[in-house]
Amino acid sequence: MTAAAACIERDADLMLRVREGDDVSFALLLEKHRRPLIHFLYRMVQNQAVSEELAQEVFLRVYKARLSYEPTAKFTTWLFRIASHLAINWLRDRRNERSQDSLDQTNPDGMQVQVADTSLTREEELIRQARLAEVRRAIETLPPKQRAAVMMHKYQEMGYAQIAKALNCSESAVKSLLFRAYETLRARLAHMV
Amino acid sequence: METPISCPAKDRRGSELFLSYAAGLMSTPERATFESHMVDCTECRRVAEEQKRVWSVLDALPVPAISSNFDERLYARIAAEERRPWWQSVLHPGFSFRFSTAAPVAAACAALAVMLVMRTPHPAPAPVQPAPATATVQQKLDPNQIEQNLDDLDMLRQLTAPASEASNGQS
Ligand SMILES: [Zn+2]
């Protein structure tokens, strides 16, 4: 058995134990997936408090669905399916709310100001912060589903098939989402070295 | 050298190549073929270079540290949402909601819940039924919860079915 297959089986096995009432197994699943899930959500919504809130919602839903859980699909895909769904909805709701209020996109309310890199001079640090803000603005221009596809592709290193399942669309649709998203990002970010 | 591939920059389907190239996911022969094409194709060189830069810019994007009380908050929330009558947990500890890793928090929440229940005018609890063998399945869920659980499980079940080609990538 490959390491990846063993890992998949382990997640499903843990979830089946959760179904049987073993909360330690839930703690193990949480320990394993907490960081990647929160980071994915943070990159989606660019707001720490919201990303943690949404991550809590994802784990809560997983826990509440435990009694009917069947290991029919990869656990991670299910996790990211719920997470994408929640994040995309949050972004769409927010976009509607903020359609007239998009001036301060570099530091949305609640977003943590990045910790300064102490190895840099003050000027270098200002430049760094400006660059980060530019990258965030570029990401914010991506429609929610494109953004989700890029984040799963770039940071979770998920393949087209898995992203397709997480976003409930075809693989060709995922390729199209990624093509358009990276085209936008190249246009906005390629000048940065 | 003759370029053995059609120009990916002129074909939308070729965009995959730029992604694989930037991510370092190409096999050695694939990369050699692509690089030999780029020797003569300025457009592909430009796109590949830009994609690589985007890749490294995204690599440099930091993420904040996760709140130290994330798990505590989650467990408290789960405990609150389980809405298990408190006397059931007391009388049937074997079926009680328990998290060893969050025991102090859960205990605090339970104590708080008990205090609130005792301080709040409350209808007398129904007589406690003996827990059946399948007690773990006995859940008190309101209709909204049931509906949401079904939605989440639908997401799981749909994962086993092939994604519909009708689904498009519209965002
Ligand atoms: Zn070319």
Side-chain angles (χ1 to χ4, degrees), chain A residues 20-21 23-24 26-27 30 34-35 38-39 42-43 48 52 55-56 59-65 67-70 72-74 77-78 81-82 85 112 114-115 132 135-136 143-146 153-155 164-165 168-179 182 185-186 189-190 192-193, chain B residues 12-13 15-16 18-19 22-23 47 49-51 53-67 70-71 73-75 77-78 81-82 95 97-102 136-137 139 141 145 148-153 155-160 162-171:
Chain A
E20 300 308 318
D23 296 326
V24 173
F26 184 77
L30 175 62
R34 182 201 306 108
R35 180 180 295 270
I38 294 176
H39 286 176
Y42 175 76
R43 289 174 176 125
Q48 184 182 16
E52 291 194 3
Q56 297 228 335
F59 285 116
L60 182 64
R61 287 179 178 215
V62 166
Y63 188 81
K64 283 161 73 175
L67 296 174
S68 312
Y69 175 78
E70 294 293 343
T72 51
K74 195 175 172 184
T77 311
W78 183 39
R81 174 101 184 246
I82 299 174
H85 179 77
Q112 299 256 317
Q114 290 300 329
V115 177
L132 291 177
V135 178
R136 288 199 192 90
K145 206 165 177 180
Q146 285 186 29
H153 178 256
K154 172 69 184 85
Y155 298 104
K165 286 181 173 177
N168 194 27
C169 61
S170 66
E171 275 189 53
S172 60
V174 167
K175 288 175 186 175
S176 172
L177 286 170
L178 288 171
F179 174 80
Y182 281 121
L185 293 177
R186 285 199 300 269
L189 299 176
M192 298 172 81
V193 181
Chain B
R12 240 186 187 211
R13 286 168 297 180
S15 60
E16 261 181 72
F18 294 105
L19 302 190
V47 177
E49 184 52 42
E50 286 182 357
Q51 184 64 34
R53 265 185 253 152
V54 165
W55 211 250
S56 62
V57 163
L58 291 178
D59 275 333
L61 201 60
V63 282
I66 296 166
S67 301
F70 179 85
D71 289 7
R73 284 188 286 135
L74 174 62
Y75 288 137
R77 207 170 147 188
I78 287 175
E81 293 226 8
E82 286 289 289
F95 300 116
F97 180 80
R98 70 226 180 299
F99 275 112
S100 52
T101 49
T136 50
V137 184
Q139 288 291 312
L141 294 173
Q145 280 181 310
Q148 185 208 292
N149 282 356
L150 291 175
D151 286 348
D152 296 330
L153 285 163
M155 288 191 196
L156 176 62
R157 292 200 188 96
Q158 284 166 11
L159 293 177
T160 56
S164 163
E165 283 298 319
S167 306
N168 59 35
Q170 295 307 308
S171 40

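Every chain is numbered from 1 and lettered A, B, ... according to where its sequence line falls, protein lines coming before strand lines.
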* **Whether Y182(A) and W55(B) hold their rings parallel, tilted or perpendicular, with breakpoints at 30° and 60°** =>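 Answer is tilted, since the angle falls between 30° and 60°.
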* Okay, side chain of Q48(A), backbone of A65(B): is any donor-acceptor separation there less than 3.5 Å? ->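 Between the backbone of A65(B) and the side chain of Q48(A) there is a qualifying donor-acceptor contact (under 3.5 Å).
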Contact origin within [X] toward chain B - heavy atom pairs under 4.5 Å:
X: L30(A); result: side chain
X: I38(A); result: side chain
X: R43(A); result: side chain

Between [atom1] on residue [X] and [atom2] on residue [Y], distance to nearest 0.5 Å:
X: Y155(A); Y: L58(B); atom1: OH; atom2: CG; value: 4.0 Å
X: L60(A); Y: R77(B); atom1: CG; atom2: CZ; value: 5.5 Å
X: R53(B); Y: M192(A); atom1: CZ; atom2: CE; value: 11.5 Å
X: R34(A); Y: D71(B); atom1: CZ; atom2: CG; value: 4.0 Å

* Would you say the side chain of K64(A) lies within less than 4.5 Å of the side chain of I78(B), judging by non-hydrogen atoms? ->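 Counting from C-beta outward, I78(B) and K64(A) never come under 4.5 Å.
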* Would you mind checking which part of A22(B) comes under 4.5 Å of any heavy atom in chain A, side chain (CB onward), backbone (N, CA, C, O), both or neither? =>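 When you check distances to chain A, no heavy atom of A22(B) falls under 4.5 Å.
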* Largest heavy-atom contact set with chain B, pairs under 4.5 Å, which of H85(A), E52(A), H39(A) ->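 Counting heavy-atom pairs under 4.5 Å, the top option is E52(A).
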Over all atoms of both residues, closest heavy-atom pair of [X] and [Y]:
X: Y42(A); Y: P62(B); value: CE2-O, 3.9 Å
X: F70(B); Y: Q56(A); value: O-NE2, 2.9 Å
X: L189(A); Y: V54(B); value: CB-CG2, 4.3 Å

